[in-house]
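Step one of this worksheet: look at the structure below.
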Amino acid sequence: MMKIITFEGIEGVGKSTQIEKLHNYLIDSGFTSSVVREPGSTPFGEDIRNLLLNTSHDISSNAELLLMFAARSALVDTYLKQPKTDFILCDRFYDASIAYQGYGRGLDINFISQLIKAIDCPVPNLTFVLDLDPIDGFKRKSTDKMDRIESSGIEFFNNVRRGYLELAKNNSSRIKVIDASLDVNDISDQIIAYIKKIL
Ligand code: TMP
C-alpha cells in the first residue's frame with residue numbers, strides 16, 4: 001500500500017534536504033519513492049505556482065486559497081489517487097493551507113476543511129512539521145529576492161508557525177513536530193525512526 005509522507009514548516013527550515021535524505025534512505029532500503037511539491041508538480045500546478053509566487057500580482061487571500069486548491073486537485077488526481085510508488089514524499093500538502101491561509105491570512109478554517117474534503121485529499125500516513133523561529137528560518141534562506149508569499153512579514157509567519165503547532169497538537173498520531181534547529185543528521189535520524197514504525 002502506498003504511503004504518503006508530507007513535510008511542512010515555514011520557509012528555511014530544511015524541508016528539501018530532509019526529503020532528499022528520506023528519499024535516498026527509502027531507495028537504499030529497497031522501496032520505490034517519488035517526490036512531489038505543492039503548489040506544483042503537474043504542468044498545470046507549476047503554472048499556478050508561478051502565478052501565486054509572482055510579486056507583480058496583488059492576489060486576495062481568497063484567490064490565493066482557491067489557486068492552492070486548484071493546483072492541489074490536479075496533484076491529487078494525477079499522483080495520489082493512482083499510486084505508482086511505495087512512498088510519495090510531499091513537500092507540503094493540505095496542512096499548509098490551514099497554516100498559511102487559515103492561521104496566516106485569517107481565512108475560515110472550516111471552509112478550508114470543506115475544500116480538503118471536496119477535492120478528496122487522502123490523509124497522509126505521517127506528517128513532519130519542521131519547527132523553527134521564523135527569524136532563524138529567514139536567516140538561513142539565501143538572501144536573493146523574496147517571492148510574494150515570503151514577503152508577507154514576520155507576524156504572518158509567527159501565525160503560520162502557531163497554526164502548524166496547533167495542528168500537530170490536535171493530530172498528534174499523524175503529525176510529528178521536529179526541532180529544525182538541530183543538526184541535519186539528527187533530524188534525519190528522528191524522521192527515519194518514525195518511518196520505521198510504519199514500514
Ligand atoms: P515553497 O514550496 O518554495 O516553500 O513555496 C510555496 C509557498 O506557498 C510557500 O510560501 C508556502 C505557500 N503555500 C501556501 O501558502 N499554502 C499552501 O497550501 C501551500 C501548499 C503552499
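Along the sequence shown, residues carry numbers from 1. Both backbone and side-chain heavy atoms feed into the values below; hydrogens, waters and symmetry mates do not. Numbering of ligands and ligand atoms starts at 1, following listing order.
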Taking only heavy atoms of [X] into account, list the atoms of ligand 1 that are under 4.0 Å away from them.
| X | result |
| --- | --- |
| R72 | 17 (C), 18 (O), 20 (C) |
| I149 | 8 (O), 10 (O), 12 (C), 15 (O) |
| E38 | 2 (O), 20 (C) |
| E11 | 4 (O), 9 (C), 10 (O) |
| S97 | 17 (C), 18 (O) |

Return the closest protein heavy atom for [atom] as residue, atom name and distance.
| atom | result |
| --- | --- |
| atom 1 (P) of ligand 1 | R49 NH2, 3.4 Å |
| atom 17 (C) of ligand 1 | M68 SD, 3.4 Å |
| atom 7 (C) of ligand 1 | L53 CD2, 4.0 Å |

Query raised in the report: With a 4.5 Å heavy-atom cut-off, do V36 and L89 have their side chains touching?
Result: no

Query raised in the report: Hey, is R37 one of the residues with a heavy atom under 4.0 angstrom from ligand 1?
Result: no

Query raised in the report: Is a side-chain donor-acceptor pair under 3.5 Å present for S16 with R37?
Result: no

Requested in this report: Run the numbers on H23 and L26 for side-chain contact (heavy atoms from CB on, under 4.5 Å), then give the verdict.
Outcome: CA-CA 5 Å; H23 178 73; L26 290 168; 5.8 Å; no

So, [X] and [Y], do they make that salt bridge, N to O below 4.0 Å?
| X | Y | value |
| --- | --- | --- |
| D131 | R161 | yes |
| R148 | E64 | yes |
| R140 | E11 | no |

Query raised in the report: Polar-atom distance check: R92 versus ligand 1, any N or O pair below 3.5 Å?
Result: yes

Query raised in the report: ligand 1 and Q101, any nitrogen or oxygen pair closer than 3.5 angstrom?
Result: yes

**Report entry** Validation row, ring centre F7 to ring centre F93 under 6.0 Å
**Finding:** no

Query - Geometric class of the F87/F31 ring pair [parallel <30°, tilted 30-60°, perpendicular >60°] - result: perpendicular

